[in-house]
Amino acid sequence: MKALRRFTVRAHLPERLNALAELSTNLRWSWHSPTQQLFEEIDPLLWGETERDPIGLLGAVPPGRLESLAADSGFVERLDALAADLRDYLTRPLWYQIQQEAGRSLPAGIGYFSMEFGVSEVLPNYSGGLGILAGDHLKAASDLGLPLIGVGLLYRSGYFRQSLTAEGWQAERYPSLDPQGLPLRLLTDSGGAPVLIHVSMPGSRVLRARVWIAQVGRVPLLLLDSDIPDNDPELRGVTDRLYGGDQDHRIKQEILAGIGGVRAIRAYTHEHGLPDPEVFHMNEGHAGFLGAERIRELVTTQGLDFDAALASVRSGTVFTTHTPVPAGIDRFPADLVRHYFGSTDGSPDSALLPGLPMERVLALGAEGDRSVFNMAHMGLRLGQRANGVSKLHGIVSREMFSDLWRGFDATEVPIGSVTNGVHAPTWAAREWMDLAHEVVGAQALEEARGWEQLHTVPAATLWATRNELRGQLVGEVRRRVRRSSLERGFSEAELGWTAGVFDPNVLTVGFARRVPTYKRLTLMLREPERLKRLLLDPERPVQLVVAGKSHPADDGGKALIQQIVRFADEADVRHRIVFLPDYDMSMARYLYWGCDVWLNNPLRPLEACGTSGMKSALNGGLNLSIRDGWWDEMYDGENGWAIPTADGVTDENRRDDLEAAALYELLEQSVLPKFYDRTDGVPTRWIEMVRHTLEHLGPKVLASRMVRDYTLGYYAPAAEAARAANADGYAGAKDVAVYRRRVEDTWHSVEIVQVDSEGLPDTPVIGAKLTLRAYVRLGELAPSDVVVQAVLGRVDENENLTDVRTVTMSHAGTDSLGEVFLTDTALPISGAVGYTVRVLPHHELLVGDAELGLVRTPNA
Ligand SMILES: *Cc1c(COP(=O)(O)O)cnc(C)c1O
């Protein structure tokens with residue numbers, strides 16, 4: 001008989017064990033191995049069966065066992081010590097507080113919005129890299145003491161669970177989660193009633209959502225949930241699945257996350273007596289409507305006009321873009337946006353955001369094509385600060401969005417970069433954490449120092465740890481291959497071979513990631529016979545573990561998975577290559593721990609950053625990767641291998657051939673010899689690379705480094721900017737708004753009338769002085785409203801300037817030709833040199849002179 005509905009009843013804990021409730025509901029346990037050990041001690045078998053889920057464990061453990069633990073003074077002592085440690089972690093001054101005490105001005109609060117969060121496998125609210133990154137961001141923010149509040153949606157079915165059919169085709173399941181069985185509590189008002197967030201929907205309907213709080217160490221994560229009886233069935237389904245459904249479904253999710261998310265933050269800070277965030281960070285553009293909601297707040301409660309409100313919102317907003325793949329950018333038909341934001345009675349005002357003109361909302365996401373609403377463009381228009389997620393991705397993003405800054409070179413587009421990082425206590429194996437603890441002290445792995453101490457560890461110890469972790473992976477691979485084979489319909493009798501899958505002494509290569517085309521899951525199959533030879537080499541074999549989910553609507557991706565599965569099903573190689581279904585955090589961990597080599601072969605430069613290779617590196621795995629994303633900046637010649645890219649080759653087939661051949665060759669010529677050459681049983685050269693990786697990559701790939709970079713490079717300046725804009729009744733914001741309007745309205749009349757050069761001899765040499773005098777008509781603008789720059793650099797055959805340097809010209813009076821600007825400058829380079837002059841808007845509350853995307857050059 002099937003249950004109509006399921007729910008979870010939490011165990012009644014003996015009073016002496018009350019602290020278990022605290023330890024199980026604060027997700028800090030998920031990166032604190034002593035707390036995990038305590039849970040395991042309660043019932044090791046159940047701990048395994050519940051897949052390491054403390055709440056599941058406490059619900060399943062027999063009451064008698066709890067009673068006897070309550071009487072076990074040793075257990076109770078350990079419990080109390082861990083509870084005290086948690087409280088200390090939650091309250092003691094950390095990096096952020098120490099910075100503040102040292103006088104650094106930092107935001108009183110930060111709102112961090114993301115459509116997915118991968119904090120732990122017990123809260124499966126993520127699909128892949130973006131969500132895991134958001135989870136790691138919260139954990140590192142907690143470890144550093146940031147006053148950050150995470151905001152997202154709680155999906156009833158999370159992403160999907162993947163299995164395989166007998167034919168190797170991906171099958172999807174959507175088991176529904178019961179919030180009662182998850183580490184969540186409801187946001188309630190002072191009377192104890194659940195707070196409900198309201199968002200207007202077309203046709204006078206209202207979408208309501210309750211707000212769950214997941215406690216991630218010190219950081220609360222607010223998750224909106226529309227699955228409540230107050231909503232009609234269609235609206236109840238808004239938070240059913242992550243990345244499921246059509247555009248209509250998706251825009252409702254994004255409206256709820258952005259607009260509802262701001263309202264949830266307001267309710268949370270109000271109920272907890274906390275300061276409101278000064279900075280809002282959009283982790284990708286999905287929650288971009290949060291900016292529109294904050295404009296509405298300012299318009300309706302502070303009486304600002306749209307422009308002043310926009311200036312205020314921009315000053316405190318950070319936007320992070322995550323994809324260099326144009327198809328990966330979230331775009332909606334403008335009519336769909338109009339449907340949700342417009343009014344039904346013909347008024348120009350938005351019904352969803354009363355007080356805002358519909359057309360202004362639409363303009364935030366405008367593209368060249370007015371029928372499209374682009375969430376990334378909205379992010380850039382609402383955030384005064386923006387960044388990509390690796391240095392290379394910063395470069396690619398500046399190119400990709402350069403249309404919004406016409407007239408500027410891509411290098412001047414105001415999009416920076418912060419390279420992603422990973423949370424060491426989550427991703428480094430306990431064995432490494434213990435070793436680091438011994439060698440450099442408790443905080444070592446989260447602090448970016450002390451790693452160099454690893455040179456004192458004997459090679460044999462490092463090798464033993466690598467062997468131990470590879471062994472654990474082999475056990476896990478066997479378990480999962482067996483389970484998957486049973487699911488695919490094979491009988492027990494046929495599965496004897498699964499006990500011999502993989503060998504704990506064989507070089508193990510991992511490849512696990514989502515399956516969009518650009519990641520090229522099947523590149524390794526390019527020359528199947530050559531791969532087979534590698535797998536089956538009698539002296540120096542390779543074993544390969546592959547995993548990854550394809551988006552349910554992407555049959556192309558599923559076909560790639562099937563290709564791998566079919567290859568791995570062959571009787572002659574199935575002990576050396578496996579595809580493990582249902583890639584998630586719990587599986588990923590074993591792969592990062594145990595793989596000797598982490599393979600990544602995306603089509604450069606389409607991988608924005610990539611983080612799985614960082615997690616592998618934290619465990620002494622060596623990266624074998626195309627120089628894309630993070631690897632482009634962190635590969636140093638000794639920490640792994642760079643697969644040469646055939647960048648210029650436009651024929652994709654040929655490019656794949658070339659890059660696959662390079663991959664095989666690296667494996668054959670360099671990777672395998674290093675792994676299998678042994679001195680006294682230890683692969684010395686290999687271990688030196690492992691040590692080098694831990695020492696040098698270790699500190700750079702940390703999420704704590706990333707969160708510090710955001711804090712000092714983005715959050716702190718954004719909070720300063722917001723204070724400057726909002727002080728004295730929003731005087732700064734109003735001033736910027738008036739200025740911006742004036743400049744935008746009159747820019748057409750700005751003109752460079754004439755540029756004269758003086759002082760150059762007939763044959764100038766480097767360093768010679770050049771005097772430039774520019775005559776500029778400014779229309780209604782004053783000389784102080786603009787900056788006039790001389791731009792000098794090399795000229796190519798098309799008269800384009802490269803390698804430019806800009807020199808600010810000073811205002812030297814007024815003349816019949818216009819305002820006069822002057823500079824004396826030394827010729828900086830030799831060869832074919834050229835110059836031009838340009839005018840840019842300038843205001844002290846703008847981050848840079850390119851910000852407004854306006855520039856005037858001669859004859860332009
Ligand atoms: C780290 C991680 C990812 C992201 O890895 P990429 O290198 O960015 O592809 C995806 N899924 C899981 C489960 C992860 O742990």
Side-chain angles (χ1 to χ4, degrees), residues 23 27-42 44 47-48 52 54 74-75 77-79 81-82 84-86 88-89 120 136 139-140 142-143 217 421-476 504 508 585-586 588-596 614-622 682 686-705:
L23 288 174
L27 284 158
R28 194 239 188 173
W29 69 261
S30 70
W31 70 92
H32 193 245
S33 58
T35 309
Q36 292 166 18
Q37 277 158 344
L38 185 86
F39 285 121
E40 185 168 8
E41 200 183 319
I42 293 175
W47 182 239
R52 303 157 35 100
F75 182 85
E77 229 168 77
R78 283 193 294 285
L79 171 61
L82 285 169
D85 177 74
L86 175 60
D88 179 53
Y89 171 82
S120 155
D136 280 6
K139 293 179 212 171
S142 171
D143 291 342
V422 298
H423 186 245
T426 298
W427 297 112
R430 188 188 289 179
E431 285 77 359
W432 290 121
M433 297 299 277
D434 289 349
L435 183 65
H437 196 133
E438 235 171 75
V439 180
V440 278
Q443 293 298 315
L445 278 181
E446 256 316 284
E447 293 296 330
R449 52 188 158 78
W451 289 73
E452 68 285 352
Q453 304 280 340
L454 281 168
H455 68 246
T456 60
V457 179
T461 308
L462 297 177
W463 180 231
T465 306
R466 290 292 324 144
N467 287 332
E468 162 67 25
L469 293 170
R470 191 183 320 101
Q472 289 179 20
L473 170 62
V474 169
E476 185 68 8
T508 306
M585 289 178 80
S586 64
R589 196 172 285 128
Y590 283 97
L591 300 181
Y592 304 140
W593 293 346
C595 288
D596 299 292
M614 297 178 165
K615 299 174 208 165
S616 172
L618 278 185
N619 289 286
L622 302 181
V682 176
W686 187 271
I687 287 301
E688 283 324 303
M689 287 179 78
V690 169
R691 187 196 303 280
H692 183 83
T693 293
L694 291 167
E695 273 183 39
H696 294 268
L697 276 183
K700 290 188 197 149
V701 300
L702 298 181
S704 55
R705 189 270 309 145

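In this chain, residues are counted from 1 in sequence order.
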Q: Run the salt bridge (charged side-chain N to carboxylate O under 4.0 Å, His left out) test against Asp434 and tell me which residues pass, sequence neighbours left out.
A: none
Q: Run the salt-bridge test on Arg52 and Glu40 with the 4.0 Å N-O cut-off and return the result as yes or no.
A: no
Q: Which one of Thr35, Asp85, Asp143 satisfies the side-chain hydrogen bond (donor to acceptor under 3.5 Å, both in side chains) criterion with Arg28?
A: Asp85
Q: Do Arg589 and Lys615 come within less than 4.5 Å of each other through their side chains, counting heavy atoms only?
A: no
Q: Does Trp686 have any ring-ring contact (aromatic ring centres under 6.0 Å, His included) partners at least two apart in sequence or in another chain, and if so, which?
A: Trp641, Phe675
Q: Within the side chain of Thr461, is there an N or O that forms a donor-acceptor pair under 3.5 Å with the backbone of Val457?
A: no
Q: Would you say Arg466's side chain and Cys595's backbone share a donor-acceptor pair under 3.5 angstrom?
A: yes
Q: Parallel, tilted or perpendicular: which one describes the rings of Trp47 and Phe39, with boundaries at 30° and 60°?
A: parallel
Q: Taking all atoms of both residues into account, what is the closest heavy-atom pair of Gln36 and Trp29, and its distance?
A: NE2-O, 3.0 Å
Q: Is the shortest heavy-atom distance from the side chain of Ser120 to the side chain of Trp31 under 4.5 Å?
A: no
Q: Looking only at non-hydrogen atoms, find the nearest pair between Ala428 and Trp593 and report the distance.
A: C-NE1, 3.8 Å
Q: Decide whether Glu431 and Gln472 meet the rule of one side-chain donor and one side-chain acceptor closer than 3.5 Å.
A: yes
Q: So does Asn619 get a backbone contact from the side chain of Trp432, meaning a donor-acceptor N/O pair under 3.5 Å?
A: yes
